Participant: 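Below you'll find the structure I mean.
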Amino acid sequence: MTKPFRILALESSCDETAAAVVEDGRRILSNVIFSQIDLHALYGGVVPEIASRAHVEACSRVIDLALQEAGLPMKEIDALAVTYGPGLVGALLIGVSCMKGLSYAAHKPLVAVNHIEGHISANFLTHPELTPPFVCLVVSGGHSHLVRVPDYGVYELLGQTYDDAAGEAFDKAARVLGLPYPGGPRMDVLAEEGDPHYLPLPTPHTPGRYDYSFSGMKTAFINAVHQATQKGEQLKKADLAASFRYAVCRALTDKAILAASETGAKQLAMAGGVSANKLLRRMMSEEAGKLGIPLYMPEIGLCTDNAAMIGSAAYYRFLKGEVAQLTLNAVPALRLAMKRGDPV
Ligand code: KG4
Ligand code: ZN
């Protein structure tokens, strides 16, 4: 039996400082997440300077905890991994500097990981049987992408949002309903009690067949809420949340299924914070079932930001011989694929 390969990964691209130990890209030995949500909730969104400072304070603590939880000393770790983009430049720099320092001091190879690739790889942790090729719907606070994954570490962009990301639209809609940041999960809970057909919202039309747009439905929603408030009407928050959730999930599901069907995909996956959405999980399962292909989604705790997903992605990069130099820098606008159809 070959010795397991263990990666210690760090994620600090936004408002979570997370560290994890992952074995052979598939098994989580530890997964520690320090969320900064309480620090940012006061301001209604992530404040970059506060995020950077909190990452500095939390980095070494989450790394120690991840090793402790895995029951492993540093010498049992085979490689290190870190998110180097996309994300907030200050936040990324803290993680990248921390792991470059550790790589130098502990004489361990360092693997640089794209955050979005990490989200996609969360599926490998939940589903041992999943291997490429598959089509993946990536929906987070900053991204709404449809991606074809022909092999580990190879991504072809099928479509993306023209404007807001799905998570961002959820958070903005939640804000006008007076829900605290981040509003997406709260909209989801509230929507379970409401009527999804209470407020019909416009269906987005995009030139690209597999592209998305959420700003039209977001603006229509915000206008409807403002008008009702100006008329002194009592807001039917559950019905409004349900209507918005339905419009977003319908659009996400329809294009994902269209792309899977037209590209002849044999497997469909989803990833990113919004893939925790209850209605999206139900709709996607139902439609993938009708298409006759399996749908893979990360377990709820691995949909939002974590370091285990970075450890999984890093394993497959390492197998391809990709090791970062100590000149590695943060790349805040890092892309997963450069343009439609292009592998990167
Ligand atoms: O992937 P993630 O943790 O961070 C980014 O990479 O952006 O995603 C966070 C986003 C936030 O916009 C949050 O509101 C949204 O995911 N989100 C949800 C749900 N859980 C998280 N949106 C809708 N329904 C949910 N259950
Ligand atoms: Zn994320």
Side-chain angles (χ1 to χ4, degrees), residues 9-18 20 31 33-37 40-41 44-46 48 51 82-88 91-92 95 113-123 136-145 147 160-161 164-177 179-192 194 196 214 217-218 221 241-253 270-284 297-310 312-313 332-334 336:
L10 184 73
E11 153 64 39
S12 73
S13 65
C14 190
D15 59 348
E16 259 98 28
T17 325
N31 190 20
I33 303 173
F34 171 73
S35 170
Q36 305 177 2
I37 282 179
H40 301 288
V46 178
V82 70
T83 307
Y84 75 113
L88 301 170
L92 289 165
V113 175
N114 180 310
H115 180 78
I116 303 301
E117 176 172 31
H119 274 302
I120 295 170
S121 306
N123 282 291
C136 189
L137 168 67
V138 189
V139 268
S140 70
H143 300 87
S144 297
H145 284 164
V147 177
Q160 63 185 327
T161 180
D164 293 355
E168 185 187 357
F170 264 119
D171 294 341
K172 286 178 180 162
R175 200 196 296 212
V176 292
L177 292 184
L179 302 176
Y181 176 85
R186 291 181 166 93
M187 287 280 275
D188 196 16
V189 172
L190 195 58
E192 288 289 297
F214 296 105
M217 64 175 73
K218 177 197 71 183
F221 180 83
S243 301
F244 190 75
R245 182 178 72 159
Y246 178 79
V248 172
C249 295
R250 187 78 268 162
L252 287 172
T253 305
M270 54 200 265
V274 182
S275 65
N277 189 275
K278 294 189 191 72
L279 180 64
L280 186 61
R281 291 170 87 93
R282 291 198 292 266
M283 267 190 185
M284 288 281 287
M297 10 187 199
E299 60 187 81
I300 298 284
L302 295 177
C303 290
T304 43
D305 291 350
N306 65 85
M309 65 187 198
I310 304 301
S312 173
L334 184 66
L336 187 65

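All ligand and atom numbering here is 1-based and tracks the order in the structure. Nothing here was measured: the structure is a model prediction, and the numbers come from that model.
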Participant: State whether the side chain of Ser144 and the backbone N or O of Thr161 hold a donor-acceptor pair below 3.5 Å, judged by distance alone.
Facilitator: no
Participant: Compare every heavy atom of Pro332 with every heavy atom of Leu92, then report the nearest pair and how far apart it is.
Facilitator: CD1-CA, 3.8 Å
Participant: With a 4.0 Å cut-off on heavy atoms, is Cys14 in contact with ligand 1?
Facilitator: no
Participant: Gly142 heavy atoms, cut-off 4.0 Å: which ligand 1 atoms fall inside?
Facilitator: 7 (O)
Participant: Give yes or no for whether the N/O distance cutoff of 3.5 Å, strictly under, is met between Thr304 and ligand 1.
Facilitator: no
Participant: Can you confirm whether His119 sits close enough to Ser275 that some side-chain heavy atom of one is under 4.5 Å from a side-chain heavy atom of the other?
Facilitator: no
Participant: Do any N/O/S atoms of His115 come under 2.8 Å of the Zn ion (ligand 2)?
Facilitator: yes
Participant: Would you call the rings of Phe244 and Phe221 parallel, tilted or perpendicular, where under 30° means parallel and over 60° means perpendicular?
Facilitator: tilted
Participant: Sub-3.5 Å donor-acceptor pair from the side chain of Asp164 to the main-chain atoms of Phe214, do we have one?
Facilitator: no
Participant: Going by distance only, is there an N or O of Gly273 that falls short of 3.5 Å from an N or O of ligand 1?
Facilitator: yes
Participant: Who's the nearest protein heavy-atom neighbour of atom 26 (N) of ligand 1, and how far?
Facilitator: Asp188 OD2, 3.0 Å
Participant: For atom 23 (C) of ligand 1, grab the closest protein heavy atom and report residue, atom and distance to one decimal in Å.
Facilitator: Asn277 ND2, 3.4 Å
Participant: Within a strict 4.5 Å, meaning less than it, do heavy atoms of the Lys218 and Glu168 side chains meet?
Facilitator: no
Participant: Between His119 and ligand 1, which residue portion shows a heavy-atom distance shorter than 4.0 Å: side chain, backbone, both, or neither?
Facilitator: side chain
Participant: For Gly141, is at least one N or O under 3.5 Å away from an N or O on ligand 1?
Facilitator: yes
Participant: Strictly distance-based, threshold 3.5 Å: is any side-chain N or O of Glu16 a donor or acceptor partner for the main-chain N or O of Ile33?
Facilitator: no
Participant: Between CG of Leu280 and CZ of Arg250, what distance do you get to the nearest 0.5 Å?
Facilitator: 10.5 Å
Participant: Out of all atoms in ligand 1, which are within 4.0 Å of some heavy atom of Pro185? Include the element for each.
Facilitator: 14 (O), 17 (N), 18 (C), 19 (C), 20 (N), 21 (C), 25 (C), 26 (N)
Participant: Would you mind checking which non-hydrogen protein atom is closest to atom 22 (N) of ligand 1, with the distance to 0.1 Å?
Facilitator: Gly184 CA, 3.5 Å
Participant: Tell me, do Leu336 and Ile120 make a side-chain contact under 4.5 Å, heavy atoms counted?
Facilitator: yes
Participant: Would you say the side-chain atoms of Asn123 pair up with the backbone N or O of Met270, donor to acceptor, closer than 3.5 Å?
Facilitator: yes
Participant: Checking one value in my table: which N/O/S atom of Asp305 lies closest to the Zn ion (ligand 2)?
Facilitator: OD1
Participant: For ligand 1, find out whether one of its N or O atoms is nearer than 3.5 Å to an N or O atom of Pro182.
Facilitator: no
Participant: Looking only at distances, can you tell me whether any N or O atom of Lys278, backbone or side chain, sits closer than 3.5 Å to an N or O atom of ligand 1?
Facilitator: no
Participant: Given Asn306, Asp305, Val139, which has its nearest heavy atom closest to atom 4 (O) of ligand 1?
Facilitator: Asp305
Participant: Output the list of atoms in ligand 1 that are nearer than 4.0 Å to some heavy atom of Ala276, sorted by atom number.
Facilitator: 26 (N)
Participant: Write out the residue and atom name of the closest protein heavy atom to atom 6 (O) of ligand 1, then the distance separating them to 0.1 Å.
Facilitator: His115 NE2, 3.1 Å
Participant: Return yes if some donor-acceptor pair links the side-chain N/O of Ser12 with the main-chain N/O of Ala91 below 3.5 Å, else return no.
Facilitator: yes
Participant: Can you measure from CG (Leu177) to CE (Met187) and round to the nearest 0.5 angstrom?
Facilitator: 5.5 Å
Participant: Of the side chain and backbone of Asp171, name the one, both, or neither that has a heavy atom under 4.0 Å from an atom of ligand 1.
Facilitator: side chain
Participant: Could you tell me the residue and atom name of the protein heavy atom closest to atom 15 (C) of ligand 1, and the distance to it rounded to 0.1 Å?
Facilitator: Val274 CG2, 4.0 Å
Participant: Do any of the N, O or S atoms of His119 sit under 2.8 Å from the Zn ion (ligand 2)?
Facilitator: yes
Participant: Is Glu16 close to ligand 1, meaning an N/O of one under 3.5 Å from an N/O of the other?
Facilitator: no
Participant: Taking C-beta and beyond as the side chain, do Ile310 and Leu10 meet within less than 4.5 Å on heavy atoms?
Facilitator: no
Participant: Step by step, would you call Met309 with Glu117 a side-chain contact (heavy atoms from CB on, under 4.5 Å)?
Facilitator: CA-CA 8 Å; Met309 65 187 198; Glu117 176 172 31; over 6 Å; no
Participant: Compute the shortest N/O to N/O distance between Gly167 and ligand 1 and return yes if it is under 3.5 Å, no if not.
Facilitator: yes
Participant: Answer with side chain, backbone, both or neither: which part of Met187 has a heavy atom less than 4.0 angstrom from an atom of ligand 1?
Facilitator: neither
